[in-house]
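Read the structure below first, then the notes.
The analysis underlying the following values was restricted to heavy atoms, covering all of them including side chains, and did not include hydrogens, waters or symmetry mates.
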Amino acid sequence: MFFADCHTHSRLSPDSNAPMVEMAKAAREYGLDVMCLTDHCDLLSLEGERTLTYDWQAVLRERKGMLDAFGTQVDLPLGLEFGMAHLYPEAAERILSQPGLDFVIGSCHNQDEQAGGRDFYLLPYDTLEQCYAALDNYFASMLRMAAAPYYDVVGHIIYPLRYMNGPYDTPDLTRYRDQIREIMRLAIDSGRGIEINTWKAQTLEPWLPVLRDYKDLGGEIITVGSDAHAPEPLGKGLREAYAMMADCGFRYVAVYHQRKPEMIRLK
């Protein structure tokens with residue numbers, strides 16, 4: 001069976017210590033056909049400071065060693081997880097001009113600057129009210145991101161839920177259904193897609209209503225990624241995500257080369 005993990009990270013992301021070559025070695029050992037390293041480029045830092053450059057040379061130096069070791073054994077497209085790109089178009093266009101770039105995940109990890117710009121990872125989630133305040137800000141930013149041209153797939157639409165584990169019921173995303181549908185419609189209308197982010201197989205069930213709405217809207221392009229930041233969780237949740245896609249009526253999973261989707265039939 002074909003398996004592609006299209007959302008992974010190496011030590012070229014600030015929240016990983018994994019060498020690229022070790023990620024590729026794990027991909028080969030786990031039997032992945034494709035592993036796309038999508039290291040972070042966030043135009044706002046964890047604390048909300050503007051970071052409008054990206055060190056492609058550091059990425060390419062480490063990538064060369066990985067390709068020399070495993071480039072004939074695993075398909076290793078050049079990817080990027082691009083955070084808050086819609087805020088700074090000139091910086092976004094400059095960063096995306098890198099030759100050889102295959103795949104770009106569009107993400108919103110931060111509050112907007114008016115709210116302080118901090119990463120959602122750092123916010124307090126002690127009450128449902130705090131959760132919904134964060135989600136209000138998040139989906140407003142996601143709408144702006146989806147309307148901009150700086151991505152191939154919309155990244156982890158349900159991202160903040162992973163941090164909302166307090167003494168309360170899981171926040172109900174049905175109150176954001178119209179916004180989520182509009183985010184996906186914007187992606188579809190511009191020839192782009194969405195990803196299922198399994199978060200190392202910890203987030204699967206919440207994707208079901210998203211997938212059903214995406215299918216209803218006519219969406220077809222879906223990538224799947226584990227969001228692994230180390231070799232051990234690489235590929236986790238892919239099989240379950242593929243099964244969920246099939247149950248919702250999808251017949252293909254996408255991988256990207258040269259910013260173009262290739263549709264691989266689910267089996």
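Between His86 and Cys108 the shortest heavy-atom distance is CE1-SG, 4.0 Å. Of all heavy-atom pairs between Asp33 and Phe2, the closest is OD2-CA, 3.2 Å. Counting all heavy atoms, side chain and backbone alike, His40 lies closest to Glu81 at CE1-OE1, 3.0 Å. Of all heavy-atom pairs between Phe70 and Ala24, the closest is CD1-CB, 3.8 Å. Heavy atoms only, all atoms of each residue included: Ile158 and Tyr138 are closest at N-OH, 4.3 Å. Between Ala115 and Asn137, the shortest heavy-atom contact is CB-ND2, 3.5 Å.
Contact check for Leu135 versus Phe120: no side-chain heavy atoms found under the 4.5 Å cut-off. A 4.5 Å side-chain heavy-atom check between Gln111 and Ser141 finds every atom pair outside the cut-off. Counting only heavy atoms from C-beta outward, the side chains of Tyr252 and Ile221 never approach each other to under 4.5 Å. Using a 4.5 Å heavy-atom threshold, the side chains of Val59 and Leu78 count as touching. Asp15 places none of its side-chain heavy atoms less than 4.5 Å from the side chain of Tyr121. Annotation: side chain of Val210 is not in contact with side chain of Leu173 (no heavy-atom distance under 4.5 Å). A heavy-atom distance below 4.5 Å is not found between the side chains of Asp213 and Ile180. Between Tyr159 and Asn197 there is no side-chain heavy-atom pair separated by less than 4.5 Å.
Formation of a donor-acceptor pair under 3.5 Å by the Ser107 side chain with backbone atoms of His109 is not found in this model. Proximity of a side-chain donor or acceptor of Asp102 to a complementary backbone N or O of Arg259 within less than 3.5 Å is not detected. Asp5 places no side-chain N or O within 3.5 Å of a backbone atom of Met35 that could act as its donor or acceptor partner. When atom types are taken as modelled, the side chain of Arg94 and the backbone of Leu52 share a donor-acceptor pair closer than 3.5 angstrom. Thr38 contributes no side-chain N or O that, together with a main-chain N or O of His7, makes up a donor-acceptor pair within less than 3.5 Å. Looking only at distances, a side-chain donor or acceptor of Arg63 sits under 3.5 Å from a matching main-chain atom of Leu76.
Separating the CG atom in Asp42 from the CE atom in Met84 is a distance of 9.0 Å, to the nearest 0.5 Å. Taken from CD in Glu22 to CG in Asn17, the straight-line distance is 12.5 Å, to the nearest 0.5 Å. We find the NE2-CG distance between His229 and Asp39 to be 8.0 Å, quoted to the nearest 0.5 Å. Here the CG atom belonging to Asp216 is positioned 13.5 Å from the CZ atom belonging to Arg185, to the nearest 0.5 angstrom. The CG atom of Asp112 sits 8.0 Å away from atom CG of Leu87, with the distance rounded to the nearest 0.5 Å. Here CG of Asn110 is found 9.5 Å from CG of Leu43. Values are rounded to the nearest 0.5 Å.
Within the structure, salt bridge (Lys or Arg N to Asp or Glu O under 4.0 Å) contacts touching residues 124-139 (residues at least two apart or in different chains) do not occur.
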- Message: Evaluate Val224 against Phe3 for side-chain contact (heavy atoms from CB on, under 4.5 Å), listing each step before the verdict.
- Response: CA-CA 9 Å; Val224 180; Phe3 285 110; over 6 Å; no
- Using the side-chain contact (heavy atoms from CB on, under 4.5 Å) rule, take Phe103 and Val153 through it: C-alpha gap first, then chi angles, then the decisive distance, then the call. CA-CA 8 Å; Phe103 180 50; Val153 300; 3.5 Å; yes
- Query: For Met145 and Tyr151, what are the C-alpha separation, side-chain angles and deciding distance, and is it a side-chain contact (heavy atoms from CB on, under 4.5 Å)?
  - Reply: CA-CA 9 Å; Met145 187 276 292; Tyr151 68 96; 3.9 Å; yes
- Task: Under the side-chain contact (heavy atoms from CB on, under 4.5 Å) rule, what do Tyr256 and Cys36 come out as? Steps first, then yes or no, please.
- Result: CA-CA 9 Å; Tyr256 275 76; Cys36 188; over 6 Å; no
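The neighbour count for Asp169 CG, taken as heavy atoms of other residues, nucleotides or ligands under 6.0 Å away, does not exceed 12. Heavy atoms of other residues, nucleotides or ligands lying less than 6.0 angstrom from NZ of Lys25 number 12 at most. Heavy atoms of other residues, nucleotides or ligands lying less than 6.0 angstrom from CD of Gln202 number more than 12.
Just one of His156, Arg162, Lys200 meets the side chain to side chain donor-acceptor pair (under 3.5 Å) condition when paired with Asp227; it is Arg162. The residue from Arg50, Arg118, Arg144 that alone fulfils the salt bridge (Lys or Arg N to Asp or Glu O under 4.0 Å) condition with Glu113 is Arg50.
The pair Asp68-Lys64 meets the salt-bridge criterion, with a side-chain N (NZ, NE, NH1 or NH2) lying under 4.0 Å from an Asp/Glu carboxylate O.
For the pair Arg175 and Tyr132, the cation-pi test (distance below 6.0 Å, angle within 45°) is passed.
Taken together through direct or relayed side-chain contacts under 4.5 Å among Ile, Leu, Val, Met, Phe, Trp and Tyr, Met142 and Trp199 form parts of separate hydrophobic clusters.
Between Tyr125 and Tyr163, the ring-plane angle classifies as parallel under the 30° and 60° cut-offs.
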Anything under 3.5 Å between a donor and an acceptor, one on a side chain of residues 231-246, the other on a protein residue two or more places apart or in another chain? List them.
from: Tyr242; atom 1: OH; to: Ala4; atom 2: N; distance (Å): 3.1

